[in-house]
Amino acid sequence: MPMQVGERIAFAAYERPGAFQLPPVLLAAHGAGSEPPMRLDIFQQDRGNAGLERFSILSIAFAAEFGLDEARRAVFDAGQNLALSALPNEGGWLRLSAVEALDLPPSLGELLPLDSASLGSTGLAVRLDSAATDLFVAALQRGLLAVGGQAWLRVRGVADRLPLTVNFDPAALLAAVRTLGGGTTTLDLALLRQRLIEAPQSMGLGLAASSGDLLKEPLADALIDRLVVRYANLLPSPADAATGVRVVFDAAAMATGSVRWNLSEPVLAPRLFAVEADPLGPLRTLPAASLHDTVVRRHDVRSLSSGWRAITVRPNLPERRIGIVQAQVDVQVPAKPPARMFTIKASARLAAADRPTTLDLRLSPKEELNYAWQATALLLSDGRAETIKGPLRTSSREHLLVAPDDFGLRFVPVEAEPVFVEQADIEVECKGLRKGKPWSARANLDRGSASFAFAIPADVEQATIRANARARSDGTQRAMAPVDAEALRLDAFSFEGSGSRELALHCEFDDDAPQRVIEIVPEDAVDQPARRRQVRFTRSAPQAQWTWLSLSPFRSGYRWRWSAQSPWSEVLQPDTPLQLHSSDAPRTTIGERT
């Protein structure tokens, strides 16, 4: 359910009253540590009779910017009591701009897949052949300042629920889609929504007579979500169209029949959010020569005789994986007699988050590359090592991308706002039950490392995450209430003491003063006149309420004074009501009697 927050839209979190999530406003290239956000790894190998093999992997790491601070101030100014957090994504797509103008490889002008490694981080990995590699290197040497991008991030949300049933024939729906789409099975999402608002029956959907009592927009959204789940996919708009989303229907899934939907049942549906993307980020400040030297890395693979093949393995995993001692990929190529009588086995350890490594496989001459692979993780469980294997997969590609879903585990990313870990160290614990026994994992977030992911075995039940922040200045601690083990972004507003605060004020008139006026301010805003407030007490209204936005759990108190000429009080805690006596006011405030 969307809600307007300032100039942005926030979405209600399912079954969490008062909690809303914000999609990002920008994807910006962001490197981890000293690593550049963009990297071109060029691989070259002499394959004997097969000639010289040369290709590259273009990698770009993106960090999402959510603009939570500005949104929270807008919520407070509007008097809304909402808890805002970041909306996690499941990856998506990226389309680069200015590809033709910079003579970049044409393949980079297509939709490029984005893989999600953690809550606020996504990565791009594209394989370029030899000619495309040369084009990109030449573009680097000229500079890439004009390159921009548009991203579409995929999330999941609960479809609108309405007290209504709908009956239809999928084949009739497909015919209506083709009519609306001019013979195609692809429709612009905005066009489909408008048609469902104006005339849903024209799409072959039989609605009960009571549907006329419902708002048309929620009904259209409820239908679209369910159609996408069952019969279609969402894709970004084409390059020659305005930024938007397409609905691509699967004709094979829409055979003649009778379907009945109860729109009151909850359905989890995919959504796409379009956001601007900056694929260069901090690299924009570099001259062209430095840009080339920073981005390009060359790898000369040792010369191999005919029959040898190399697989480039690139992990798209969180840098810190809590609970995992070692992660690797095991590759196996079954025997192929009579040319090759032996089975080939090889393993690659997955160390860094996205650093590629290579596996050399000696096949028979002229043999096509086909192999089975499996991701394996070594975990510490109750002080003992345990091996967990992911599903067995097959591939024929020379570039293998290993994602969190390839393990028999659930990776739950936890990140901290960089500004907040400058103030505090955070202890995070994940707890649950495994085979009837307590299970837990712990990790810390600090200046040196502001993100990690819990590796949770699939059989862990009732998993929750709790956190404790310790101020670096004085050791003050603040706790976070336990939450379900899902993607989590921690900032000042995650911990007790921050957010919207309310204070009861009372002035006892024990002299003949008709009124008293005080000035009150959050403890961290004494030097910010805009955040100060004047509170007036009279004999007929001796009580008042004051609300303020606490931006830090460690500085959530307040200060007050009688007048601009009076000194500010010491810091008082927000759970301490302010009790005043009119006779305590300095005589310089006598003018308040008027």
Side-chain angles (χ1 to χ4, degrees), residues 5-6 18 68-84 419-420 423-424 469 471-481 491-594:
V5 176
L68 288 173
D69 289 345
E70 296 81 358
R72 284 167 176 153
R73 288 191 177 92
V75 164
F76 179 77
D77 292 342
Q80 298 170 319
N81 187 19
L82 307 178
L84 300 181
V419 174
F420 187 63
Q423 306 175 28
R472 195 170 289 112
S473 59
D474 58 7
T476 301
Q477 298 190 41
R478 294 288 185 266
M480 181 195 77
D491 58 20
F493 285 75
S494 304
F495 297 89
E496 60 184 15
S498 58
S500 180
R501 312 288 300 189
E502 185 172 324
L503 180 70
L505 304 94
H506 176 78
C507 182
E508 180 179 340
F509 284 85
D510 55 355
D511 61 5
D512 59 351
Q515 68 176 13
R516 283 287 184 247
V517 177
I518 67 168
E519 194 170 27
I520 195 166
V521 67
E523 69 166 288
D524 60 350
V526 171
D527 299 327
Q528 302 176 34
R531 297 186 65 190
R532 301 174 190 169
R533 292 292 182 270
Q534 282 193 340
V535 181
R536 184 180 302 273
F537 304 95
T538 65
R539 289 183 176 275
S540 60
Q543 297 180 348
Q545 295 285 333
W546 174 58
T547 59
W548 75 101
L549 184 63
S550 175
L551 302 179
S552 170
F554 308 115
R555 304 188 67 188
S556 57
Y558 65 95
R559 302 175 75 177
W560 72 277
R561 62 185 179 182
W562 287 107
S563 68
Q565 291 74 37
S566 304
W568 288 105
S569 70
E570 296 296 323
V571 174
L572 300 176
Q573 295 308 308
D575 55 356
T576 305
L578 186 58
Q579 300 283 349
L580 304 172
H581 292 85
S582 62
S583 61
D584 291 336
R587 304 309 299 172
T588 55
T589 63
I590 195 67
E592 296 174 1
R593 296 173 181 270
T594 60

Problem - Q579 CD: over 12 foreign heavy atoms closer than 6.0 Å - result: yes
Fill in the blank from the handout: On a heavy-atom basis, the closest approach of R533 and A530 is NH1-O, 2.9 Å
Problem - Closest non-hydrogen atom pair between G499 and F493, with its separation - result: CA-CE2, 3.6 Å
Exercise for the section: Given side chain to side chain contact (heavy atoms under 4.5 Å, CB included), test V517 with F537 step by step and report yes or no. Expected result: CA-CA 6 Å; V517 177; F537 304 95; over 6 Å; no
Handout entry: Test item: D510 side-chain N/O and S583 main-chain N/O as donor-acceptor pair under 3.5 Å
Key = yes
Exercise for the section: Run the numbers on N81 and S500 for side chain to side chain donor-acceptor pair (under 3.5 Å), then give the verdict. Expected result: CA-CA 7 Å; N81 187 19; S500 180; 5.1 Å; no
Practice task
Can you label the angle between the W548 ring and the W546 ring as parallel, tilted or perpendicular, going by 30° and 60°?
Solution key: parallel
Problem - Criterion side chain to side chain contact (heavy atoms under 4.5 Å, CB included) on W560 and L505, from CA distance to verdict - result: CA-CA 11 Å; W560 72 277; L505 304 94; over 6 Å; no
Problem - Side-chain donor/acceptor of S498 to backbone N/O of A492, under 3.5 Å - result: yes
Exercise for the section: Look up atom CZ in R73 and atom CG in L84, then write down how far apart they are to the nearest 0.5 Å. Expected result: 12.5 Å
Exercise for the section: Could you tell me whether R516 and D584 have a side-chain N and a carboxylate O separated by less than 4.0 Å? Expected result: no
Problem - Polar side-chain atom of S550 near backbone of G497 as donor-acceptor pair, under 3.5 Å - result: yes
Exercise for the section: Would you check if the side chain of Q423 reaches a backbone N or O of A471 as a donor-acceptor pair within less than 3.5 Å? Expected result: no
Exercise for the section: Would you check if F495 and F554 make a side-chain contact, meaning some heavy-atom pair closer than 4.5 Å? Expected result: no
Handout entry: Partner residues of R531 under the salt bridge (charged side-chain N to carboxylate O under 4.0 Å, His left out) criterion, sequence neighbours left out
Key = D524
Problem - 4.5 Å side-chain heavy-atom contact, L503 and I520 - result: yes
Exercise for the section: Could you check if a side-chain atom of V521 sits within less than 4.5 angstrom of a side-chain atom of W568, using non-hydrogen atoms only? Expected result: yes
Practice task
Answer yes or no: is there a side-chain heavy-atom contact under 4.5 Å between L578 and I518?
Solution key: yes
Problem - Any donor-acceptor N/O pair, R559 side chain to E523 backbone, under 3.5 Å - result: no
